[in-house]
Every structure is written in structure tokens, then in C-alpha cells.
Amino acid sequence: METIEKANIDWANLGFGYYKTDVRFVANYKDGKWDEGELITDENIVMNECACVLQYAQTCFEGMKAYTTQDNRVVIFRPDMNAKRMYETAQRLEMPPFPQDKFVEAVKKVVKANLKYVPPFGTGASLYIRPYMFGIAPVMGVKPSTEYQFRIFVSPVGPYFKGGVKPITLTVSDFDRAAPNGTGHVKAGLNYAMSLHAIVEAHKNGYAENLYPDAKTRTKVEETGGANFFFVTKDNKVITPKSNSILPSITRRSIMQVAKEYLGLETEEREVYLTELSDFKECGLCGTAAVISPVGKIVDHGKEICFPSGMEKMGEISQKLYDTLTGIQSGRLNAPEGWIVEVK
Ligand SMILES: *Cc1c(COP(=O)(O)O)cnc(C)c1O
């Protein structure tokens with residue numbers, strides 16, 4: 001096997017941030033069609049001052065990771081799921097969807113061209129992959145752009161939790177994340193722009209994240225600004241909230257399947273009321289960035305809900321879910337069909 005000379009990076013001390021790599025992918029949509037796209041080295045984008053993305057935030061994105069496995073392969077976790085989700089996001093934003101097979105091919109190409117930035121096995125780090133698309137033609141009246149750019153860059157990111165995983169504390173937000181018939185279920189940039197004020201406020205008050213209840217009744221759990229919830233009942237059932245305005249996390253859907261098929265646990269997707277929180281024994285957040293972040297406490301307007309799993313470590317079931325999913329991603333455990341896409 002050819003050996004790739006790795007970039008000179010202190011992998012274990014990388015944060016979760018942007019790190020410029022060598023090559024990115026760009027494709028353009030013009031005159032009603034996508035071009036073939038190409039790999040380029042320039043990380044900067046030049047666009048018109050009146051580009052639709054700048055004026056009306058017509059933009060969406062995806063996020064996934066590539067890992068080095070125990071036996072030194074480089075693999076991507078379920079990129080077809082991101083391709084499909086971005087396709088659906090684009091449709092909701094009146095953008096021309098990027099073909100799903102070409103999406104996966106382009107992701108593989110970019111990772112392959114940046115192999116020296118894929119963190120070695122055992123460092124806890126990984127290569128974050130960021131596909132995104134935006135309206136680039138100038139528009140003055142509020143309407144969709146006529147031209148688009150689709151891009152993918154990659155960035156090595158460190159272990160999400162340095163020095164071990166510690167459970168976090170959440171606060172129930174007074175701001176809404178997603179309207180009942182809005183855009184909460186798609187990965188549109190606009191959802192994150194309007195969450196920035198809420199997260200800055202939460203941090204100021206000493207909380208790691210916001211729990212957003214459903215905007216209509218404010219009685220049901222939806223998600224945080226960037227991760228879905230799962231809960232474990234006292235009899236070890238894994239529950240995840242059901243709602244049309246939750247972003248369908250690929251990590252969450254994978255965890256539910258792992259719970260059932262690898263750990264033999266009962267699972268259920270259903271509405272979860274804030275008043276039920278104190279009945280659960282474990283609570284976790286899931287998403288590509290951290291896989292699972294354990295939640296130790298939720299503060300709902302002065303009322304503290306403390307999960308029995310505590311503030312010191314991940315609960316037992318959460319830990320099993322985490323170990324199994326990361327085991328699949330690192331090649332230690334057999335993956336369900338199609339979950340692992342090999343780049344090298
Ligand atoms: C991206 C995202 C998630 C996590 O999705 P994954 O596919 O697991 O990375 C959850 N909630 C929101 C709001 C997100 O934007």
C-alpha cells in the first residue's frame with residue numbers, strides 16, 4: 001500500500017475549526033444546468049455584491065466526516081445520506097439540487113486529494129467534510145438566483161472532547177428555532193444565522209446549549225441548535241423526539257438503528273414532553289461533530305432536571321451507543337451495508 005506523507009499537524013490538539021487544506025471541489029450551475037465541476041486550489045470566492053446569498057441568504061450546507069480505520073483505510077460515513085438530505089434542502093430553498101451520485105463522487109475526490117490531512121487512526125481527530133451551495137447571481141427583488149455554486153472543502157478537526165467527555169448543562173430557550181411549517185427540517189444557513197443570538201445568550205448565562213421546545217405549544221422537546229436528542233428510559237428503551245421541524249440527523253438515525261440491531265434495545269420515535277424529562281435516566285445529543293454529547297442537566301426556567309447518569313461521565317447506555325457507532329466508523333466493528341464508503 002502506498003504511504004501518504006501526513007501534514008505536520010499536532011492532531012491531538014486540533015480544535016473544531018477551519019484549517020485550510022490543499023484542494024476543494026467547485027461546480028457551477030448556469031443556463032439551467034450543472035457543469036462537471038473540478039478540483040481547485042483557491043480557497044477564496046469572488047462574487048457580485050448583489051449575489052442572492054449575500055442579500056437573501058439563499059444557501060445550505062452539509063457536514064460529514066472521513067476517518068482513518070484501524071487497518072489504515074480512509075473511509076467516509078454514509079455520504080449518500082448527506083447527498084439525499086442536501087438534495088431535499090435545495091428543493092425547499094428553490095435551488096437546483098446537485099445530483100446525489102455526483103455529490104458522493106465529488107466528496108470522495110476531495111478527500112482523496114487531501115489525504116495528507118486525514119488524521120491518523122488513534123488520534124481522536126477526523127477530517128470534517130463541508131459541502132455547501134449558494135445563489136451567486138445578482139438579484140434585487142426577492143426571488144431565487146439564476147446561477148449557483150456548489151462547493152466542498154475539508155478541514156481536519158480534533159477530538160470534540162479534549163481530556164474526556166463531560167456531561168453538559170442545557171437551558172430551555174425562550175427563542176424559537178423552527179416554525180411548524182418553516183425550514184427547521186432542512187440544513188439552510190438561515191436557521192443558523194437566527195440561532196446565533198440565542199446561543200450567545202445561553203453561553204452568557206453559563207449553559208452549553210439551548211433546548212428548543214416546539215414553537216407552537218412550547219411543551220415538547222425538539223432539538224438544540226445543531227444536534228438531535230435521544231433519551232434512555234429506566235427500562236433501557238431509547239427514545240428520540242418526533243416532529244416535522246427537527247433536522248433529521250444522520251447520527252441520530254444511525255444511533256437508533258445501532259440501539260436496535262447491535263444492542264438489542266427497544267427504540268421509539270415519538271413526541272417527548274418537557275414534563276417527562278425527569279422520568280428519563282440518560283439524555284444525549286447527537287450529531288456529526290461530537291457523535292454523542294451526554295447531557296447531565298437541563299434547566300427549565302429555574303427548575304433543574306438532573307439525569308441520574310450525573311455530571312461526571314456518560315450514562316451506561318449512551319456509552320454503549322457511542323462505542324458501537326465509533327467502532328463501526330473506525331472499522332473495529334462490522335458496518336451495516338453501505339454505511340462505510342472507502343476512499344483508499
Ligand atoms: C446538522 C444538524 C444536526 C446533526 O445532523 P448529523 O447528520 O447527525 O450531523 C442536528 N441538528 C441540526 C439543527 C443540524 O443542523
Side-chain angles (χ1 to χ4, degrees), residues 16 57 59-67 76-90 92-93 100 103-104 107 126-133 152 154-155 157 160 168 170 173 175-180 182-199 202 208-215 220-231 238 240-259 269 272 283-293 295 318 321-322 324-326 328-329 338-341:
F16 191 85
T59 179
C60 62
F61 66 99
E62 271 302 329
M64 78 203 96
K65 281 178 174 174
Y67 307 84
I76 310 169
F77 187 66
R78 309 188 77 178
D80 56 314
M81 300 287 276
N82 298 88
K84 179 164 186 286
R85 192 168 65 187
M86 193 167 196
Y87 196 96
E88 288 162 3
T89 298
R92 177 64 178 81
L93 298 179
Q100 296 181 43
F103 177 107
V104 174
V107 165
S126 53
L127 188 75
Y128 186 77
I129 305 165
R130 168 54 61 87
Y132 58 115
M133 188 200 290
I152 305 169
V154 294
S155 178
V157 293
Y160 202 77
I168 56 175
L170 314 181
S173 181
F175 297 102
D176 292 324
R177 189 193 85 87
T183 54
H185 62 300
V186 297
K187 235 170 160 66
L190 62 96
N191 291 338
Y192 306 86
M194 63 94 198
S195 76
L196 298 175
H197 178 60
I199 192 64
E209 271 291 349
N210 281 304
L211 179 160
Y212 292 102
D214 72 294
K220 290 175 273 186
V221 178
E222 295 235 302
E223 59 171 321
T224 68
N228 284 183
F229 277 100
F230 70 88
F231 300 97
V238 184
T240 192
K242 187 184 176 94
S243 153
N244 295 335
S245 43
I246 290 176
L247 193 282
S249 157
I250 294 160
T251 314
R252 184 255 299 168
R253 286 180 277 168
S254 304
I255 281 172
M256 296 305 274
Q257 195 172 330
V258 159
E269 185 178 356
V272 173
C283 171
L285 300 179
C286 43
T288 293
V291 184
I292 289 178
S293 322
V295 175
S318 302
L321 290 167
Y322 179 85
T324 310
L325 188 57
T326 52
I328 290 169
Q329 291 168 337
W339 280 25
I340 296 295
V341 170

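These numbers were taken from a predicted model, which means no experiment stands behind them. Heavy-atom basis, side chains included; hydrogens, waters and symmetry copies ignored. Indexing begins at 1, ligand by ligand and atom by atom, following the structure's order.
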Checklist entry - Short N/O distance, under 3.5 Å, between Arg252 and ligand 1? => result no
Next on the checklist: Is it the case that ligand 1 has an N or O less than 3.5 angstrom from some N or O of Cys286?
Outcome noted: no
List ligand 1 atoms under 4.0 Å from [X], heavy atoms only on the residue side.
X	result
Asn228	10 (C), 11 (N)
Glu223	10 (C), 11 (N), 12 (C), 13 (C)
Gly225	13 (C)

Do any heavy atoms of [X] fall under 4.0 Å from ligand 1?
X	result
Arg85	yes
Arg177	yes
Pro248	no

Is any side-chain heavy atom of [X] less than 4.5 Å from a side-chain heavy atom of [Y]?
X	Y	answer
Trp339	Leu325	yes
Phe229	Ile246	no
Glu222	Pro241	no

If you have a sec, work out which protein heavy atom is nearest [atom] and how many Å separate them, to one decimal?
atom	answer
atom 1 (C) of ligand 1	Lys187 NZ, 1.4 Å
atom 9 (O) of ligand 1	Thr288 OG1, 2.6 Å
atom 15 (O) of ligand 1	Tyr192 OH, 2.3 Å

Checklist outcome for this item: Nearest heavy-atom contact between Phe61 and Met86 is CA-CE, 4.2 Å
Next on the checklist: Which option wins on minimum heavy-atom distance to atom 10 (C) of ligand 1: Ala178, Gly226, Ser195?
Outcome noted: Gly226
Checklist entry - Does the distance from a Lys or Arg side-chain N to an Asp or Glu carboxylate O, for Glu88 and Lys84, drop under 4.0 Å? => result yes
Checklist entry - Counting heavy atoms only, which part of Ser249 comes closer than 4.0 Å to ligand 1: side chain, backbone, both or neither? => result both
Checklist entry - Can you tell me how far CG of Asn82 sits from CD of Gln100, rounded to the nearest 0.5 angstrom? => result 10.5 Å
Checklist entry - Got a second to check how far Arg78's CZ is from Ser254's OG, nearest 0.5 Å? => result 4.0 Å
Item to check | No-hydrogen, no-angle side-chain donor-acceptor test under 3.5 Å, Arg130 and Tyr132 | outcome: no
Item to check | Sub-6.0 Å ring centroid separation between Tyr87 and Phe103 | outcome: no
